[in-house]
Novice: 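Take a look at this one; I'll ask things after.
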Number of protein chains: 2
Amino acid sequence: MKSRNTLQKDLVLSAVKMLCHPTADEVYTHIAAGHPAISRGTVYRNLNLLVDSGKLRKVLVPDAADRFDVTLERHYHIRCRVCGTVDDIALPYQDDLIARIPDTGGFLVEGHDIMLIGICPACCSHSPA
Amino acid sequence: MKSRNTLQKDLVLSAVKMLCHPTADEVYTHIAAGHPAISRGTVYRNLNLLVDSGKLRKVLVPDAADRFDVTLERHYHIRCRVCGTVDDIALPYQDDLIARIPDTGGFLVEGHDIMLIGICPACCSHSPA
DNA sequence: ATTTATGCAAATCATTTGCACATAG
DNA sequence: CTATGTGCAAATGATTTGCATAAAT
């Protein structure tokens with residue numbers, strides 16, 4: 001099952017690059033503005049293909065739509081609890097986190113993810129504390 | 001809007017206590033075995049009411065059904081990537097995590113969650129490495 | 001008696017999938 | 001040519017919600 005180069009795949013990849021952590025629907029809306037014939041199914045399929053081929057990363061957001069990230073190095077994200085925006089956060093990768101677990105309860109621990117929560121700059125200024 | 005004591009609410013709370021990090025559907029199935037008339041809607045509503053009143057915690061599992069936890073203290077979870085089970089993990093709470101962020105990018109950082117991933121004891125023994 | 005809760009079914013939201021047609025290789 | 005990709009619509013899975021009825025206070 002070799003992958004082909006299609007216009008739609010290019011559009012999806014460049015939309016993610018342009019939009020910064022967009023949801024699949026945001027990617028779809030962005031592309032559909034210029035290519036009204038594209039379908040949501042194609043956007044979802046290409047997003048998954050690009051993740052599988054290592055050109056994108058999927059950011060799993062609890063209780064919200066998944067987002068997509070062009071940054072491939074391992075890093076963490078922060079989510080604005082007001083508007084839902086997701087952004088990269090400069091927390092250094094916690095290499096020793098698993099070593100800090102005194103008792104894994106029989107689990108084989110393989111990895112971790114950290115999701116920070118807060119308020120983004122835009123929402124901070126809208127409603128100053 | 002004061003909350004009432006109902007049989008269904010009691011059943012939901014004790015099911016979560018008994019099942020350890022169940023999904024809403026697991027709670028429903030467990031209760032329905034003894035009370036076939038209960039509805040999923042009621043289970044969901046009571047789970048949310050119990051979370052709002054501080055008697056349960058909701059564990060947001062990325063790309064999977066939410067789970068419910070009777071442990072109220074802040075702590076982290078680990079998810080088995082084979083069977084999907086979620087359990088508490090003894091990683092000490094990382095109080096200084098936010099302080100380790102050199103640049104928040106303008107975000108007001110309020111909190112964090114860590115989700116560990118691995119293989120649970122049962123799945124470890126089913127397919128030994 | 002009044003107001004919240006229940007059961008049911010329909011609705012919602014994000015995502016996936018089956019299928020006939022289009023197209024990249 | 002021939003397998004992979006596309007558009008469309010229907011299907012899926014988790015969760016919520018509108019509504020008439022039931023039950024707690």
Side-chain angles (χ1 to χ4, degrees), chain A residues 1-16 19 21-53 55-69 79 83-86, chain B residues 1-16 19 21-53 55-69 79 83-86:
Chain A
M1 51 173 79
K2 59 194 64 166
S3 161
R4 291 178 184 177
N5 296 325
T6 65
L7 170 63
Q8 289 85 344
K9 189 179 293 183
D10 287 348
L11 290 169
V12 168
L13 183 55
S14 38
V16 176
L19 294 173
H21 306 95
T23 62
D25 201 69
E26 287 165 356
V27 171
Y28 168 75
T29 302
H30 178 86
I31 297 175
H35 299 256
I38 202 168
S39 77
R40 275 190 174 73
T42 295
V43 170
Y44 276 98
R45 267 182 294 232
N46 278 308
L47 285 168
N48 287 331
L49 285 172
L50 289 162
V51 169
D52 291 346
S53 67
K55 288 181 188 139
L56 287 182
R57 270 183 166 280
K58 186 183 276 196
V59 183
L60 304 176
V61 185
D63 264 18
D66 293 337
R67 290 170 176 271
F68 296 86
D69 194 342
R79 177 173 150 82
C83 68
T85 299
V86 169
Chain B
M1 52 173 80
K2 59 193 64 167
S3 159
R4 290 179 184 179
N5 296 325
T6 65
L7 170 62
Q8 289 88 341
K9 187 178 294 182
D10 287 348
L11 289 169
V12 167
L13 184 54
S14 38
V16 176
L19 294 173
H21 305 94
T23 62
D25 200 68
E26 287 165 356
V27 170
Y28 168 76
T29 303
H30 177 86
I31 297 175
H35 299 257
I38 202 169
S39 76
R40 276 189 174 74
T42 296
V43 170
Y44 277 97
R45 266 182 293 233
N46 277 308
L47 285 169
N48 287 331
L49 283 173
L50 289 162
V51 169
D52 291 345
S53 67
K55 289 182 186 137
L56 288 181
R57 269 184 167 280
K58 186 182 277 197
V59 184
L60 303 177
V61 185
D63 264 17
D66 293 337
R67 289 170 178 273
F68 295 86
D69 193 340
R79 177 174 151 83
C83 70
T85 298
V86 169

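Chain naming here is simple, since letters A, B, ... match the order of the sequence lines and numbering starts at 1 in each.
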Novice: Can any side-chain N or O of B:K55 pair as donor or acceptor with the backbone N or O of B:L13 at less than 3.5 Å?
Specialist: no

Novice: Would you mind telling me which of D:dT15, C:dG7, D:dG5 lies closest to the side-chain atoms of A:T6?
Specialist: D:dG5

Novice: For B:A24 and A:G41, take the nucleotide of DNA chain D holding the closest heavy atom to each; which residue's nucleotide lies nearer the 5' end?
Specialist: A:G41

Novice: Go through C:dT16, D:dT15, C:dA5 for me and flag the one nearest to the B:K9 side chain.
Specialist: C:dA5

Novice: Just how far, in rounded Å, is C1' of C:dG7 from CG of B:L7?
Specialist: 14 Å

Novice: Are side-chain heavy atoms of B:R57 and B:V51 found at a separation under 4.5 Å?
Specialist: no

Novice: With sequence neighbours left out, what residues match A:D52 under side-chain hydrogen bond (donor to acceptor under 3.5 Å, both in side chains)?
Specialist: none

Novice: Given D:dC8, D:dT16, C:dG25, identify the nucleotide with an atom nearest to the side chain of A:S39.
Specialist: D:dC8

Novice: Send over the distance from A:D52 CG to D:dG5 C1', rounded to a whole Å.
Specialist: 15 Å

Novice: In degrees rounded to 10°, what angle is found between the helical axes fit to the five outermost pairs at each end of the helix from C:dA1-D:dT25 to C:dG25-D:dC1?
Specialist: 30°

Novice: For A:D66 and C:dA14, what is the distance between atoms CG and C1' respectively, to the nearest whole Å?
Specialist: 8 Å

Novice: Measure the distance from OH on A:Y44 to C1' on D:dT6 and round it to the nearest whole Å.
Specialist: 17 Å

Novice: Is the closest side-chain heavy-atom distance between B:L56 and B:D69 below 4.5 Å?
Specialist: no

Novice: Could you tell me the separation between the CG atom of B:D10 and the P atom of D:dA24, rounded to a whole number of Å?
Specialist: 11 Å

Novice: Counting any heavy atom closer than 4.0 Å, what does B:A37 reach on the DNA or RNA strands: base, sugar-phosphate only, or nothing?
Specialist: sugar-phosphate

Novice: Do side-chain atoms of B:T29 reach the backbone of B:E26 as a donor and acceptor pair under 3.5 angstrom?
Specialist: no

Novice: Nearest whole angstrom, please: distance from the P of D:dA14 to the NZ of B:K58.
Specialist: 14 Å

Novice: Using heavy-atom distances to pick each residue's nearest nucleotide on DNA chain C, tell me which of B:D63 and B:L49 is more 5'.
Specialist: B:L49

Novice: Using the rule given for side chain to side chain contact (heavy atoms under 4.5 Å, CB included), can you reason through B:K9 versus B:R4, listing the C-alpha separation, both sets of side-chain angles and the distance that settles it, and then say yes or no?
Specialist: CA-CA 9 Å; B:K9 187 178 294 182; B:R4 290 179 184 179; 5.6 Å; no

Novice: Rounded to the nearest Å, what distance is computed from the CD1 atom of residue B:I38 to the P atom of nucleotide C:dG7?
Specialist: 6 Å

Novice: Evaluate the side-chain proximity of B:V59 to B:D66: yes if any heavy-atom separation is below 4.5 Å, no if none is.
Specialist: no

Novice: Under 4.5 Å between any side-chain heavy atoms of B:P62 and B:R79, yes or no?
Specialist: no

Novice: Which residues in residues 25-35 of chain B have at least one heavy atom lying under 4.0 Å from any atom of DNA chain D?
Specialist: none

Novice: Could you check whether any side-chain heavy atom of A:V16 comes within less than 4.5 Å of a side-chain heavy atom of A:L47, counting everything from C-beta outward?
Specialist: yes

Novice: Hey, what are the protein-to-nucleotides 18-23 of chain D N/O distances that come in under 3.5 Å?
Specialist:
residue: D:dG18; atom: O6; partner: B:R45; partner atom: NH1; Å: 3.3

Novice: Of all the choices, C:dA14, C:dG25, D:dG7, which nucleotide is nearest to the side chain of A:N5 once you look at every atom?
Specialist: C:dG25

Novice: So does B:Q8 get a side-chain nitrogen or oxygen closer than 4.0 Å to the phosphate oxygens (OP1/OP2) of C:dG7?
Specialist: yes

Novice: With rounding to the nearest 0.5 Å, note down the distance linking CD1 in A:I31 to CD1 in A:I38.
Specialist: 4.5 Å

Novice: Can you tell me if B:N46 touches the phosphate of C:dT6, counting only side-chain N or O atoms and a distance under 4.0 Å to OP1 or OP2?
Specialist: yes

Novice: Grab the CG-P distance between B:L50 and C:dA5 for me, whole Å please.
Specialist: 11 Å

Novice: Using the side-chain heavy atoms of B:A65, tell me which of these nucleotides is nearest: D:dT6, D:dT15, C:dT15.
Specialist: D:dT15

Novice: Got a sec, which pairs hit side-chain hydrogen bond (donor to acceptor under 3.5 Å, both in side chains) with one end in residues 33-50 of chain A, sequence neighbours left out?
Specialist: A:D25-A:R40, A:S39-A:T42, A:N48-A:K58

Novice: So which heavy atom on A:H21 is nearest to which on A:R67, and how close?
Specialist: O-NH1, 2.8 Å

Novice: For the side chain of A:R40, counting heavy atoms from C-beta on, which of C:dT6, D:dT15, C:dT15 is nearest?
Specialist: C:dT15

Novice: Which residues pass the ring-ring contact (aromatic ring centres under 6.0 Å, His included) test with B:H30, not counting sequence neighbours?
Specialist: none

